[in-house]
Amino acid sequence: MAVRPVPASPRLRGYDPHDRDACARIFVAAQRVAFPWEPADAVRLSDFDRAIEGERLWVAELPAPASSLTPWAIAGFVAVFMPHRFVHSLFVEPVFHGRGVGSALLEQALRATAGSASLKCDERNRKACFFYERRGWRACEWGWAPSGPWIRFSR
């Protein structure tokens, strides 16, 4: 059996409608990890379609397990509302956390927005806030939503 080389960074490509089911699963799984205070059924697979409406998406892929039918597995995605250069969603499959997937997707979003973008992060999601800060994003606005306090980061 041939061993697949592990790339130094995830492979990025534009979103294809065939990616919908994998991305919807990541959308739900990642939110359950990021927002443990929310009820488990607060986010459903069907919410994915509404969340990405009108946005441009990219996916990150990593080599799939040898037992997989395809050589690559979707490890995460980023969705950007291009008219406002707003990173609306950045989700990584929890088993792939810490492997550079989120960083690669965030860099892709910045390339697509000519290096200037903003995003909002739930203030209680401290891990995500630190993630953005470590990558040079700066807090520039604070607010409150029905779900709780948020921070706007910009770069």
Side-chain angles (χ1 to χ4, degrees), residues 6-17 19-62 72-155:
V6 176
S9 61
R11 183 171 81 172
L12 302 177
R13 62 174 175 77
Y15 174 84
D16 180 277
D19 301 327
R20 188 247 178 231
D21 290 347
C23 288
R25 284 191 298 275
I26 292 168
F27 178 79
V28 171
Q31 288 194 63
R32 287 185 178 155
V33 169
F35 309 114
W37 54 86
E38 294 288 336
D41 64 350
V43 178
R44 295 182 175 90
L45 293 171
S46 59
D47 295 331
F48 173 75
D49 298 315
R50 188 171 39 261
I52 66 163
E53 190 173 332
E55 299 181 356
R56 187 159 175 212
L57 282 76
W58 292 268
V59 297
E61 297 177 312
L62 289 173
W72 295 89
I74 295 176
F77 71 91
V78 64
V80 179
F81 184 63
M82 295 300 288
H84 295 153
R85 295 188 296 189
F86 182 74
V87 178
H88 183 235
S89 299
L90 174 62
F91 291 109
V92 175
E93 172 65 49
V95 300
F96 293 124
H97 284 181
R99 297 199 36 202
V101 175
S103 295
L105 288 165
L106 198 55
E107 285 301 314
Q108 174 59 43
L110 284 170
R111 280 191 298 278
T113 59
S116 176
S118 70
L119 58 87
K120 286 184 183 177
C121 188
D122 188 305
E123 190 173 312
R124 295 171 292 179
N125 188 354
R126 298 308 304 155
K127 187 175 178 180
C129 291
F130 292 138
F131 170 82
Y132 296 121
E133 289 169 349
R134 284 190 310 269
R135 282 147 188 86
W137 292 69
R138 297 291 172 241
C140 62
E141 183 182 1
W142 291 260
W144 189 268
S147 60
W150 53 261
I151 302 171
R152 181 184 298 271
F153 288 91
S154 65
R155 175 117 175 238

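Below, all heavy atoms of this structure are taken into account, side chains as well, without hydrogens, waters or symmetry copies.
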Under the ring-ring contact (aromatic ring centres under 6.0 Å, His included) definition, can you give me all pairs with a residue in residues 94-128, not counting sequence neighbours? none

Listed by chain and number, what are the side-chain hydrogen bond (donor to acceptor under 3.5 Å, both in side chains) partners of Glu55, not counting sequence neighbours? His88

Sequence neighbours left out, what passes salt bridge (Lys or Arg N to Asp or Glu O under 4.0 Å) with Glu107? Give chain and number order. Arg155

Residues two or more places apart in sequence or in another chain: which of them pass side chain to side chain contact (heavy atoms under 4.5 Å, CB included) with Ala34? Asn125

I'd like to check the side-chain hydrogen bond (donor to acceptor under 3.5 Å, both in side chains) partners of Asp41; sequence neighbours left out, ordered by chain and number. none

Residues two or more places apart in sequence or in another chain: which of them pass salt bridge (Lys or Arg N to Asp or Glu O under 4.0 Å) with Arg50? Asp47

Any pair with a residue in residues 136-146 that passes salt bridge (Lys or Arg N to Asp or Glu O under 4.0 Å), sequence neighbours left out, goes on the list, sorted by first then second residue, please. Glu141-Arg152

Who are the side chain to side chain contact (heavy atoms under 4.5 Å, CB included) partners of Ala73, not counting sequence neighbours? Ala64

For Arg135, salt bridge (Lys or Arg N to Asp or Glu O under 4.0 Å) partners two or more places apart: none

Would you please name every residue forming a side-chain hydrogen bond (donor to acceptor under 3.5 Å, both in side chains) with Asp122, sequence neighbours left out? Arg124

List in chain and number order the residues that pass side chain to side chain contact (heavy atoms under 4.5 Å, CB included) with Arg20, two or more places apart in sequence or in another chain; answer none if no residue qualifies. Tyr15, Ala24, Phe48, Asp49

Tell me the side-chain hydrogen bond (donor to acceptor under 3.5 Å, both in side chains) pairs involving residues 29-38, sequence neighbours left out? none

